[in-house]
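Working notes, beginning with the structure itself.
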Amino acid sequence: MKKFYLLPSLLALSFLLMGMSKPIEKETLATPQVQKSVERKTHYTKPHAGIYLDYQRPDNLQIDDRLELQLNFKVRDQAEQLQIEVSVSEALLLESGSKFEFETVINKFNSVTVVATGLKEGSARINVGATILVAGRYQSRSFSIPVIVGEPTQSKSTVTGVVISKPGYRVDEAQGVVSMPAVETSE
Amino acid sequence: MKFNYLIKLAILCLFASLVSCGGSGGSSNPVTAIGSCTLGTGTDLSVSGTIKFERIPLQSSGALNFNAITSQPANAIQVEAVCNSVIAATTTDDNGLYTLSLPSGTQGVFIRAKAQMIKTGIPSWNVEIKNSSQSSGLLFALDGSPFNLEGLDVTRNLLATAGNVGSSYPNNAARAAAPFAILDTIYKSMQLVLSVEPNAVFPALDVIWSDDNEDGTYYTNNQINILGSTVDTDEFDEHVIAHEWGHYYQDAFSRDNSVGGSHTLRDILDIRVAFSEGFGNAYSAMVTGNTIYKDSQGLSSGFSFDVESNNCINKGWFSECSVQSVLYDFFDAINDDVFSLGFDEIHGVMTSNVPTSSSLTSIFSFINHFKNLTSINAAAVDNLLAVQTIDSITDDYATGVSDGGYIIGSTDVFPIYDTRAFPLTDVCSTGDNISAEEVYGLGVSRFIRFTAPSSGNYRFTANWTSGLNVSDPDMYLFRNGTIVAAGQSVVNRSESFVSNLVAGSEYILEVLEYTYVNLDVPYNRSASGAINKTCFTVSRAPI
């Protein structure tokens, strides 16, 4: 359960330092099951365009399974049109169209159905770019929908602290770095 | 021993062949050899050079401009000479230059530029860019190739490339520039503070990034998380990074009671969120010197707005757009207002007044003290506020401030700080301004301000009187802006907690209907049967 407050650490700290406030009454502490499981971190996010996406998180797919996912877009700005562009990562095959366009109506949902098939095991993504035209300026917002195909496992090889797990990067746990190659000159 | 070495060599050869397939047109070095260096015993020689990174600038739309890549110096970063282990270290200057002294005769040494800025003493800082995926928590480093020192000084220049091919990122290349581009924006962000507080001590900051990071761009608890997935890359989005660093600034140097969450410029926000986010937006323009906030989306789109613009859609003290407009007008030299202050006065109020106020952080607790500075024309402040339909602010608690541009829904959000005596009836939380999931709208939380009549333990209780049939009230008790106690049970229609109060101390009691901001079950204010107003009677009793 996620919540907005970074609370309990502050409570504990204030309790220890001030010695005069107890954060939660004894009866409640004795029966923690009636308390919410509070997300302690507050996330301060970046501003975004007034485009919202609502969808039902897809279940895991098996290879050759077909996914039909309805994406519901809502726009809160006085936009002239809404453009949708859909792509999928390589574990999926996109079988529906990839580009859609709507005349926008504020706070009314515009729906798109994406159809994709599981191609191979892996953690896949349905990537969605939504763009509105507001007062002559294009404003975009990106979304990424996770899809699991099969039961993927992460593989990596390790020899004495050197891990090769991804092209272009070398993980050197002994030296505490992820090493990346430089373009090097000597003049 | 020899067997291990051969295995390592074989892996390195394999890896080198992999990375040589990628890159952005330069001649990338193969992965550096490990454990094959011999330290010389001769006189010291100079090894010097520049550390640079490629920056992909943004177009006016906010989209990445792959056709205008530049190389920029990596300032103030750690550079090491590695011969099996670190044998010398230094920091780059403002031109990305470094110089190290190494003994002649050393064979197989290489230069490593770490994605870290660290300075001890006064001022001080420690910023590290760490990996969020494979072996998470490890520092990024840019490695040159091994070389020998044979009696002459040498030059070794390292360039961190963006890793693009045209306008895309191939899977087999490192995006080496990203950690250094992020550091560059953070370095600029720090300079604005150092310009007015040269002895600033910056708490350690971790930045989490990887080229597949899809966890969002956000600040939390001395950590900035930055998107790297090609769905939305943020490493070159200077306004975005400076915005998040602005949250770090508020946390480190001031106080921020914001509850965070999602937000747009048109949202009608909780006063704490509006100020926190508006400050971040204004700060991004101050740092970059560019009023057009730009955020690339995917590899060909963007999002942008003008921080300087006064044309906010929902003007008012609940709008991050209004906050950013006012704050930036104080700062800038653009001739549309009488202010051209730079950051000095803003920093002074943020560090001296905002964190010591008994109120919660908001435009009220900032403006009230800002207006009282001897260098400030208070009437001119009022004029700027009036443009945003904000009445004159005369205290930290919005006393006398009207709703301005706010269109009242089912629930009146006034008074912003309720000072009625306990028990208070009709303390009403509203879902009217929950515009979308994770948006903490104005009026969800209601604030009760009181002074403790005597020291001792008190029970605070909120009992439902009307509204949602299944109701989950919560309460938080603040003293000097710090939460000292809370009630967060899931008991239907009721909440209660006990806290010790100090006689004469001022407290803020926050009361809310949790249903409106429960992210597990997002609230839809427009759904059939939605009840956007839930009210409680709030009492306080000594025990």
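Order of the sequence lines sets the chain letters (A, B, ...), proteins ahead of strands, with each chain counted from 1.
B:Asn131 and A:Tyr169 are not linked by any side-chain donor-acceptor pair at a separation below 3.5 angstrom, with hydrogens and angles left out of the test. Side-chain atoms of B:Thr264 and A:His48 include no donor-acceptor pair closer than 3.5 Å.
Of the inter-residue distances, the one linking B:Phe110 atom CZ with A:Ser179 atom OG reads 6.5 Å to the nearest 0.5 angstrom. The distance from the CD atom of A:Glu184 to the CG atom of B:Leu159 is 10.5 Å, given to the nearest 0.5 Å. Taking CE of A:Met180 as the start and CG of B:Leu142 as the end, the distance is 6.0 Å to the nearest 0.5 Å. Interatomic distance, B:Asp143 CG to A:Asp172 CG, rounded to the nearest 0.5 Å: 8.5 Å. Considering OH of B:Tyr440 and OG1 of A:Thr42, their distance stands at 10.5 Å, rounded to 0.5 Å.
In this structure, A:Val171 and B:Leu138 have side chains that are in contact, with non-hydrogen atoms separated by less than 4.5 Å. Within the 4.5 Å cutoff, the side chain of A:Ser186 has no heavy atoms near those of the B:Asn157 side chain. At least one side-chain heavy atom of A:Gln175 sits under 4.5 Å from a side-chain heavy atom of B:Val82.
With chain A as the partner, the residue from B:Lys52, B:Glu320, B:Arg112 showing the most heavy-atom pairs under 4.5 Å is B:Arg112. Comparing B:Thr217, B:Ile51, B:Thr230 by how many heavy-atom pairs each has under 4.5 Å with chain A, the most go to B:Thr217. For chain A, the option among B:Asn171, B:Val154, B:Asp267, B:Ile224 with the highest count of heavy-atom pairs below 4.5 Å is B:Asp267. The greatest number of non-hydrogen atom pairs below 4.5 Å with chain A, out of B:Asp256, B:Thr50, B:Val240, B:Leu477, is found for B:Asp256. Considering only heavy-atom pairs separated by less than 4.5 Å from chain B, the leading option among A:Gly176, A:Pro146, A:Gly50 is A:Gly176.
A donor-acceptor contact shorter than 3.5 Å links the side chain of B:His263 to the backbone of A:Thr45. For the pair A:Tyr44 (side chain) and B:Ser258 (backbone), a donor-acceptor distance under 3.5 Å is present.
The interface of residues 130-141 of chain A with chain B, defined by heavy-atom distances below 4.5 Å, comprises A:Thr131, A:Arg137, A:Tyr138, A:Gln139, A:Ser140, A:Arg141.
Neither the backbone nor the side chain of B:Pro522 comes within less than 4.5 Å of any heavy atom of chain A. Neither the backbone nor the side chain of B:Ser455 has a heavy atom closer than 4.5 Å to any heavy atom of chain A. Interface remark: B:Ile313 contributes side-chain atoms only to the contact with chain A (heavy atom separation under 4.5 Å). In this structure, chain A has no heavy atom under 4.5 Å from any part of B:Ala160.
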Test log, rule side chain to side chain contact (heavy atoms under 4.5 Å, CB included), inputs A:Val178 and B:Lys130: CA-CA 8 Å; A:Val178 175; B:Lys130 294 179 176 175; over 6 Å; no

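Within the structure, the side-chain hydrogen bond (donor to acceptor under 3.5 Å, both in side chains) test picks out the following pairs touching residues 88-99 of chain A (sequence neighbours left out): A:Arg66-A:Glu95, A:Glu95-A:Thr117. For the salt bridge (charged side-chain N to carboxylate O under 4.0 Å, His left out) condition, the pairs that include at least one residue of residues 45-55 of chain A, sequence neighbours left out, are A:Lys46-B:Asp232, A:Lys46-B:Asp234, A:Lys46-B:Asp295.
Among all heavy-atom pairs drawn from A:Pro47 and B:Phe303, the shortest one is O-CE2, 3.5 Å. Considering all non-hydrogen atoms of both residues, A:Pro181 and B:Ala174 come closest at CD-CB, 4.3 Å.
With sequence neighbours left out, A:Glu85 forms a salt bridge (Lys or Arg N to Asp or Glu O under 4.0 Å) with no residue at all.
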